[in-house]
Enquirer: 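Attaching a single structure in structure tokens format; questions to follow.
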Amino acid sequence: MSTLVIVESPTKARTIRNFLPSTYRVEASMGHVRDLPSSAEEIPEAVKGEKWAQLGVNVEADFEPLYVIPKDKKKIVKELKDALKDATELILATDEDREGESISWHLLQILKPKVPIKRMVFHEITREAIRDALTHCRDIDNRVVQAQETRRILDRLVGYTLSPLLWKKIAWGLSAGRVQSVAVRLLVRRERERRAFRQGSYWDLKALLEKGKISFDAKLVTVGNVKVANGSDFDENTGQIIAGRLVLLLNEDQARALLSRIQNKPWTVSNLEERPVTRKPSPPFTTSTLQQEANRKLRLGARETMRIAQSLYERGFITYMRTDSVHLSEQAITAARSCVQELYGSEYLSPQPRKYTTKSKGAQEAHEAIRPAGSTFRTPQQTGLDGIDFRLYDLIWKRTVASQMADSRQTHVTVLTQVEDAGFRSSGKRIDFPGFLRAYVEGSDDPNAALEDQEVILPALKVGDKPNCKDLQAVGHETQPPARYTEASLVKMLESEGVGRPSTYASIIGTIVDRGYAKLIANALIPTFTAFAVTTLLETHFPDLVDTGFTSRMEQTLDEIATGEAKWLPYLQKFYTGEMGLATQVKEQESQIDAKVARTVILENITAKVCIGKYGAYLESENEEG
DNA sequence: CAGTGAGCGAGCTTCCGCTTGACTT
């Protein structure tokens, strides 16, 4: 009598093995075990001649998918088959999400078990949770499986129909896809904004004031009750003040003239405002937020972050690292709260345990948030880790602990000071109670952003006070173009639009760099001319597909398929073979797209045109001498 | 007659998402 349990990850298998009686054998499938053929060599001889073989989907036979066992999974499948021979029962314990349900179904298709089968799901890897799950097994949900197959087939149809069009019209070996083309388009749109950006410049005054031996900064904000222009008053496309804004734009001469006019005149505090502010801690890490913070704070790329997190996971330091959930189990909340209690004292605990819920589009929540493993958290020092492993664990530990800490209470102070007809403003921040800021301060994509946990001290002032002016300077400023995407900000954007999944964020960036759509220079993703050409073609002829809304609409339909409200076949038919379907559109548009035009990128302010050739981009100049 | 080279045709590139090692640069 023995039971074979199959999970997705070998680390998970190892852990669960300890919670089950010795008659249970636990093995890992290592993710998917079958897929559409990834290259020509995976297409079986029997169907090689068929015209749909390359696509891997028989569109004319109700979109029947051609599933094969990839080369690197043959060994796993053989091992699972052997393990099943000795079993009297099979339990499929893959993750409880769309892909996990599908993996279980594929396992059944391949293993063809003669013994009874059960589907088991659990969200926490504790002895109690596993034992409990064993007594609450269910059947495979075929509708969820169909939703996954629909997703898989649709992605194949998009990629393998649009990519060949790009080979014909732009260059060999290019690619398009539901996810990557949206990512590339985001980079291209930002670059267009940057090219359209016109710099504006303005001047203002900066004063260093002093009262009772405490000095503080003040910045010019009004002259004669008219607001002085700052960066936010400029139109990005003209470099001029936005039409209709009643602001005073100072140039260098005017700023210096004002300076000499008010120099040595008395300063008077004209207004004081104090405002209480509370700040809440950020939720625990998901894959996306971990990648963002590791990029901002540790300067790690998404791939590297995942590699380190994987190794921490395998050694039992953290929970699973590919997740879209911010949920913490009861034991995790208890562990985090006892860390707070021990290290900072009970006044630093949030009065009630904080429960976070996931808001991002399309989240499937098969796992917990990323947190220190176990029912008590080892402090970073207790782990014995060092180097980058230590720093990443430290980040995860702090974020998790902080998520159960009290709000930070601060007082923001604004002081207005008048000298002649010029008004100056000073901003102060007093931290009345640091709360979670003691443990963790979230990073920012904006290098100029003020640090959340730093006080800005102003002296005690009251209206009518006359601070001394120790220094007064005219300062020139220039408006800045919108920043290029970093790995962190691209992942953040994709996640918020529901595009891509935790297991793919890092590889999306890899794909667009490998295909020559972007270069990663000094943490900035810079789109290439090829990216411009491809994006322009797709936007012109297939605008729906490169819209970020495409994935959310698809997800909605997949959810309906999973609940039985919608049928997968009519959806695919409409999407692909219908009158406005993709196959139909590609066929129709193909003759209309001029390859010479598609290969040419026209940029403002450059007399030459950029063309995409066999070996990359080259310049084509209008005047022959060029 | 043998060696050369133009021209033709066949086969291939490509998607997203799940999971690790095995592999090369």
Side-chain angles (χ1 to χ4, degrees), chain A residues 6-14 27-43 48-49 53-57 65 70-73 75-77 79-80 94-107 147-168 170-184 287 306-307 310-311 313-314 320-324 362 364 366-367 494 498-508 510-512 514-517 534 545 550-551 554-555 558 576 582 586 614:
Chain A
I6 303 179
V7 297
E8 290 181 41
S9 137
T11 310
K12 211 167 167 181
R14 219 181 305 134
E27 297 293 332
S29 76
M30 309 278 189
H32 277 292
V33 286
R34 278 207 312 186
D35 194 9
L36 302 175
S38 66
S39 65
E41 62 172 347
E42 281 188 358
I43 301 171
K48 228 164 194 168
Q54 197 73 356
L55 196 55
V57 178
K71 219 164 131 200
D72 61 331
K73 292 295 167 61
K75 194 169 154 230
I76 300 285
V77 169
E79 284 166 6
L80 292 176
T94 51
D95 297 347
E96 188 173 35
D97 56 17
R98 209 160 55 210
E99 301 295 328
E101 202 69 16
S102 174
I103 291 171
S104 280
W105 177 80
H106 277 292
L107 284 169
Q148 190 279 341
E149 290 192 275
T150 309
R151 198 278 306 154
R152 181 67 190 92
I153 293 168
L154 185 137
D155 280 333
R156 172 55 66 93
L157 295 175
V158 172
Y160 279 38
T161 306
L162 287 180
S163 299
L165 182 69
L166 299 181
W167 307 339
K168 285 179 206 156
I170 297 179
W172 189 92
L174 292 179
S175 63
R178 171 176 61 84
V179 170
Q180 60 169 284
S181 296
V182 169
V184 171
T287 303
M306 294 311 283
R307 196 178 47 72
Q310 170 98 29
S311 113
Y313 165 67
E314 285 174 1
Y320 195 59
M321 64 284 155
R322 287 186 281 264
T323 176
D324 51 20
Q364 300 190 22
H367 304 94
L494 290 173
V499 177
R501 303 276 312 134
S503 66
T504 60
Y505 295 132
S507 60
I508 292 167
T511 299
I512 65 182
D514 287 349
R515 297 272 174 279
Y517 289 138
V534 167
L545 287 177
F550 180 78
T551 291
M554 177 197 78
E555 285 290 344
L558 295 182
Y576 197 67
L582 181 61
V586 168
K614 206 172 172 181

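Order of the sequence lines sets the chain letters (A, B, ...), proteins ahead of strands, with each chain counted from 1. Note that the structure is a prediction, hence the values are computed from the model and not measured.
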Enquirer: Let me have DNA chain B in dot-bracket notation, would you? Count Watson-Crick plus G-U wobble pairs, both distances under 3.5 Å, and use [ ] for pairs crossing earlier ones and | for inter-strand partners.
Expert: .........................
Enquirer: If we ignore hydrogens and angles and just use 3.5 Å, is the side chain of A:Thr504 paired with the main-chain N or O of A:Ser507 as donor and acceptor?
Expert: no
Enquirer: Classify the nucleic acid contact of A:Arg152 as base, sugar-phosphate or nothing, counting any heavy atom under 4.0 Å across all strands shown.
Expert: base
Enquirer: Need one value for A:Tyr505: base, sugar-phosphate or nothing, where a base atom within 4.0 Å counts as base even if backbone is also close, heavy atoms only.
Expert: nothing
Enquirer: Just to be sure I understand the rule, does A:Thr161 reach a base, reach only the sugar-phosphate, or reach nothing, if contact means heavy atoms closer than 4.0 Å?
Expert: nothing
Enquirer: Walking along DNA chain B from 5' to 3', note the first and the last nucleotide with an atom under 4.0 Å from a heavy atom of chain A, and give both.
Expert: B:dC12 to B:dT20
Enquirer: How would you label the contact of A:Gly500 with the nucleic acid (heavy atoms, under 4.0 Å): base, sugar-phosphate, or nothing?
Expert: sugar-phosphate
Enquirer: Are A:Leu107 and A:Ile103 close enough that some pair of their side-chain heavy atoms sits under 4.5 Å apart?
Expert: yes
Enquirer: Output all residues satisfying side-chain contact (heavy atoms from CB on, under 4.5 Å) with A:Arg307, sequence neighbours left out; order by chain, then residue number.
Expert: A:Glu304
Enquirer: Is there any salt bridge (Lys or Arg N to Asp or Glu O under 4.0 Å) pair reaching into residues 153-167 of chain A, and which pairs are they, with sequence neighbours excluded?
Expert: A:Arg151-A:Asp155, A:Asp155-A:Arg178
Enquirer: Output every pair passing salt bridge (Lys or Arg N to Asp or Glu O under 4.0 Å) with a member in residues 29-38 of chain A, not counting sequence neighbours, ordered by first then second residue.
Expert: A:Asp35-A:Arg152
Enquirer: Which part of the nucleic acid does A:Arg178 contact within heavy-atom distance under 4.0 Å: base, sugar-phosphate only, or nothing?
Expert: sugar-phosphate
Enquirer: Under the rule for ring-ring contact (aromatic ring centres under 6.0 Å, His included), what residues qualify as partners of A:Tyr517, not counting sequence neighbours?
Expert: none
Enquirer: Identify, with sequence neighbours excluded, every residue that meets side-chain contact (heavy atoms from CB on, under 4.5 Å) alongside A:Pro65.
Expert: A:Leu36, A:Tyr67, A:Glu149, A:Ile153
Enquirer: Name all residues meeting the side-chain contact (heavy atoms from CB on, under 4.5 Å) criterion together with A:Val179; count only those two or more places apart in sequence or in a different chain, and write none if there are none.
Expert: A:Val499, A:Ile508
Enquirer: Within the structure shown, what part of the strands sits under 4.0 Å from A:Gly159 by heavy-atom distance: base, sugar-phosphate, or nothing?
Expert: base
Enquirer: Can you name the ring-ring contact (aromatic ring centres under 6.0 Å, His included) partners of A:His32, sequence neighbours left out?
Expert: none
Enquirer: Could you check whether A:Ser175 gets within reach of a base, just the sugar-phosphate, or nothing at all, counting any heavy atom under 4.0 Å?
Expert: sugar-phosphate
Enquirer: Contact class for A:Gln148 (heavy atom, under 4.0 Å): base, sugar-phosphate, or nothing?
Expert: nothing
Enquirer: Regarding A:Ala176, tell me which of base, sugar-phosphate or nothing describes its non-hydrogen contacts under 4.0 Å with the strands shown.
Expert: sugar-phosphate
Enquirer: Take A:Asp97 and A:Arg14, find for each the nucleotide of DNA chain B with the closest heavy atom, and name the residue whose nucleotide sits nearer the 5' end.
Expert: A:Asp97
Enquirer: Taking for each residue the nucleotide of DNA chain B with the nearest heavy atom, is it A:Asp35 or A:Tyr313 whose nucleotide lies nearer the 5' end?
Expert: A:Asp35
Enquirer: Which part of the nucleic acid does A:Asp72 contact within heavy-atom distance under 4.0 Å: base, sugar-phosphate only, or nothing?
Expert: nothing
Enquirer: By the 4.0 Å heavy-atom rule, please label A:Val158 as base, sugar-phosphate, or nothing.
Expert: nothing
